[in-house]
There are 2 protein chains.
Amino acid sequence: MRQDIHNSDIPALCRACEARHKGVCGALNTEQLIRLNKVTRQEIIKSGEELITEKEQNNRYANILRGVAKLSKLMEDGRQQIVGLQFAPDFLGRPFSSVSDVSIEAATELQLCTFPKKALEEIIKSSPVLEHKLHEQTLRELDEARAWMLTLGRKTASEKVANFVYLIATHTNPEENQTKNLLLELPLKRSEISDFLGLTIETVSRQLTKLRKADIIEMQEGRKILVKDFGKLYHACGH
Amino acid sequence: MRQDIHNSDIPALCRACEARHKGVCGALNTEQLIRLNKVTRQEIIKSGEELITEKEQNNRYANILRGVAKLSKLMEDGRQQIVGLQFAPDFLGRPFSSVSDVSIEAATELQLCTFPKKALEEIIKSSPVLEHKLHEQTLRELDEARAWMLTLGRKTASEKVANFVYLIATHTNPEENQTKNLLLELPLKRSEISDFLGLTIETVSRQLTKLRKADIIEMQEGRKILVKDFGKLYHACGH
DNA sequence: CGATTAATTGAGCGGACTCAAAGCTAGTGG
DNA sequence: CCACTAGCTTTGAGTCCGCTCAATTAATCG
């Protein structure tokens, strides 16, 4: 599949990139990487900036190299719902459609590798493995969306907040399902967490205080949180 | 692509099947249809019967020929969330994974065309167009899941119920965005509607009564509902 | 027809919301 | 260094929407 023997032929950018190992670019051979590399552009997006607007035309895709992106939907009256978070090395954009029905915004500072829609779609034609990789990410996102639907529809405020901390814990420090202390930084502010959980900022704040008083987490400077008891946190999610 | 010229070669079952036109089987040529047809089996599933159990092994896929299937997730303490509905000619099952993380159950009587996981996966290998079709359905499901997340997280009880009626209206009678009367039959009972909307049966019932008193719908025998004002219904969804 | 399950309606409660105020942070400039 | 601002977060008090519990009515099916 991949020709790691000729590692030196691989574009410098790609050589260090996580997307080539765990992301969609893992489906590409050296020649395709070189071809794609000619049209890619690295970009740094500041926290809060919008990449793709809901219901609007867009003709660029991207891979996340670093940072967290949030996908959200907005109602005319201002109500908002965050419908997903994406981490490196996720692929950003809606394949096979020129309009996304969610907006994509940088939750933290974001380092991206962007490329034109057309370039990707051409490579897909010659390399079905790439579409397979994209399909697998779509399936993973669908599983996550449905798991979150259970959280939104059936869990209490405290379970929701625990679930959010748990989600961040498992995504930023994967495979560390340990009971030991685990330090993490929340990529969202309170208003965003509330829009992700279908709650208000006040309720989120109160429930975090409850988790703190229950000795499950400890709050540190900034948005840093120390998970003191991973088992209890998992349990607090409703499991 | 498809060889409709040799229509007579197409298996009898497939000739009348919606899945060949609008569903995933549209990606297959006559030869592939014949190949798949050797291992397919038509099945009638009674309302309420479970096809696939959450977290359990399963090695069959299916296309819906008639009826509605519901996808749901269950918590240990019995809380339940319906995370999607599927209509003909949708494909049922989780590609590339032997365990589904949702259970699939017949919401109404269901007529299916089932086939072994292996058969489909082999055809995918020789025909990337099939994977593309599956990918497109997955993307559509993801869009729908995210739209529903907005409903679950940010809409009021009355908006939720209106949204449900609207969803059924648009899925059972597509492209009839008319102001004229539209008769439809709800495929779910109250307890299922409440599990879909993250509400209780009582609240669902009360909100339906409100829609009736607002002259937006009219309730008839069984689960039939007459939509008297499609525009008002759309508006009642929060739009 | 009764038996059973589904749906409606009512009364009262409580969890999450609203509104309001005070406490933190980080950034800016004197 | 502190003063000042603007944005974010926490905390409190009171309200209301949707839940719970309970009773009735309506459908469905032997």
Side-chain angles (χ1 to χ4, degrees), chain A residues 46-49 70 75 77-81 107-109 151-165 185-214 217-225 236 238, chain B residues 46-48 70 75 77-82 107-109 151-165 185-214 217-225 236 238:
Chain A
K46 289 211 188 67
S47 170
E49 272 179 44
K70 64 175 208 204
M75 291 174 68
D77 62 6
R79 280 178 284 176
Q80 197 167 7
Q81 177 67 46
T108 65
E109 186 175 277
T151 301
L152 288 173
R154 285 303 184 203
K155 294 195 182 176
T156 64
S158 55
E159 287 170 338
K160 283 180 175 180
V161 172
N163 230 172
F164 173 73
V165 177
E185 180 156 20
L186 301 183
L188 305 183
K189 56 187 175 192
R190 296 291 179 273
S191 66
E192 293 171 315
I193 299 175
S194 69
D195 282 339
F196 195 23
L197 295 170
L199 298 170
T200 58
I201 31 177
E202 295 94 331
T203 301
V204 171
S205 180
R206 280 185 249 270
Q207 297 303 333
L208 281 171
T209 304
K210 265 183 59 182
L211 284 179
R212 184 167 50 74
K213 287 186 176 162
I217 63 172
E218 191 171 282
M219 307 186 65
Q220 307 197 343
E221 38 98 14
R223 285 172 196 157
K224 288 200 183 64
I225 280 193
Chain B
K46 288 211 189 66
S47 169
K70 63 176 208 202
M75 291 174 69
D77 61 7
R79 280 179 283 177
Q80 197 169 6
Q81 177 67 47
I82 295 182
T108 65
E109 186 175 276
T151 301
L152 288 173
R154 285 303 183 203
K155 295 196 181 175
T156 64
S158 55
E159 287 169 339
K160 283 180 176 180
V161 171
N163 229 173
F164 173 72
V165 177
E185 180 156 19
L186 301 183
L188 305 182
K189 55 187 175 190
R190 296 291 179 272
S191 66
E192 293 171 313
I193 299 175
S194 69
D195 282 340
F196 194 23
L197 294 169
L199 298 169
T200 58
I201 32 176
E202 294 94 332
T203 301
V204 171
S205 180
R206 279 185 251 270
Q207 297 302 334
L208 281 172
T209 304
K210 266 183 59 183
L211 285 178
R212 184 166 52 73
K213 287 185 176 162
I217 63 171
E218 191 172 281
M219 307 184 67
Q220 307 197 341
E221 40 98 12
R223 285 172 196 156
K224 288 200 183 64
I225 280 193

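Just the heavy atoms: all of them, side chains too, but no hydrogens, waters or symmetry mates, feed the values below. Sequence lines set the chain letters: A, B, ... in the order given, protein chains first and strands last, and positions in each chain run from 1. No experiment lies behind these values; they were computed from the predicted model shown.
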Which of residues 153-165 of chain A sit near DNA chain D, with a heavy atom under 4.0 Å from it?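 None - not one residue of the stretch has a heavy atom sitting under 4.0 Å from the strand.
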
Using 0.5 Å steps for rounding, measure from the [atom1] atom of [X] to the [atom2] atom of [Y].
X      : Y      : atom1 : atom2 : value
B:L197 : B:L188 : CG    : CG    : 9.0 Å
B:E218 : B:K224 : CD    : NZ    : 13.5 Å
A:E185 : A:Q220 : CD    : CD    : 10.5 Å
A:T200 : A:R206 : OG1   : CZ    : 7.0 Å

Given [options], the nucleotide with the shortest approach to the side chain of [X]:
X      : options               : result
A:R212 : D:dT9, D:dC19, D:dT11 : D:dT11
B:S205 : D:dT9, C:dA6, C:dT9   : C:dT9
B:L199 : D:dC19, D:dT9, D:dT10 : D:dC19

Just how far, in rounded Å, is [atom2] of [N] from [atom1] of [X]?
X      : N      : atom1 : atom2 : result
A:K189 : D:dT9  : NZ    : C1'   : 12 Å
A:Q207 : D:dT11 : CD    : P     : 12 Å
B:K210 : C:dT8  : NZ    : P     : 15 Å
A:D195 : D:dC8  : CG    : P     : 13 Å
A:M219 : C:dT25 : CE    : P     : 11 Å
A:R190 : C:dG23 : CZ    : C1'   : 14 Å
A:L152 : D:dG18 : CG    : C1'   : 17 Å

Between A:S194 and A:S191, which heavy-atom pair has the shortest distance, and what is it? OG-O, 2.7 Å

Residue met sooner reading DNA chain C from 5', once A:T203 and B:K213 are mapped to nucleotides: B:K213

Examine C:dA16: is either OP1 or OP2 under 4.0 Å from a nitrogen or oxygen in the side chain of A:T200? Give yes or no.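 For C:dA16, neither OP1 nor OP2 has a side-chain N or O of A:T200 closer than 4.0 Å.
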
Is the distance from OP1 or OP2 of D:dT10 to the nearest side-chain N or O of A:T209 less than 4.0 Å?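 False: A:T209 side-chain N/O out of range (4.0 Å or more) of D:dT10 OP1/OP2.
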
Distances under 3.5 Å between nitrogen or oxygen atoms of protein and nucleotides 21-28 of chain D:
unit_1, atom_1, unit_2, atom_2, d
D:dC21, N4, B:E202, OE2, 3.0

Quick one: bend of the helix from C:dC1-D:dG30 to C:dG30-D:dC1 from 5 pairs per end, to 10°?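 For the helix from C:dC1-D:dG30 to C:dG30-D:dC1, the axes at opposite ends meet at about 40°.
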
Within the side chain of [X], is there an N or O that forms a donor-acceptor pair under 3.5 Å with the backbone of [Y]?
X      : Y      : answer
B:Q80  : B:M75  : no
B:S47  : B:A107 : yes
A:R212 : A:Q207 : no
A:R154 : B:R79  : no

Please determine which of B:T203, B:L199, B:V204 meets the side chain to side chain contact (heavy atoms under 4.5 Å, CB included) test together with B:K160.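 Testing each of B:T203, B:L199, B:V204 against B:K160, the sole residue satisfying side chain to side chain contact (heavy atoms under 4.5 Å, CB included) is B:L199.
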
Using the rule given for side chain to side chain contact (heavy atoms under 4.5 Å, CB included), can you reason through A:K70 versus A:D195, listing the C-alpha separation, both sets of side-chain angles and the distance that settles it, and then say yes or no? CA-CA 11 Å; A:K70 64 175 208 204; A:D195 282 339; over 6 Å; no

B:V165 vs B:L208, side chain to side chain contact (heavy atoms under 4.5 Å, CB included): CA-CA, chis, key distance, verdict: CA-CA 9 Å; B:V165 177; B:L208 281 172; 4.2 Å; yes

Counting any heavy atom closer than 4.0 Å, what does A:I201 reach on the DNA or RNA strands: base, sugar-phosphate only, or nothing? nothing

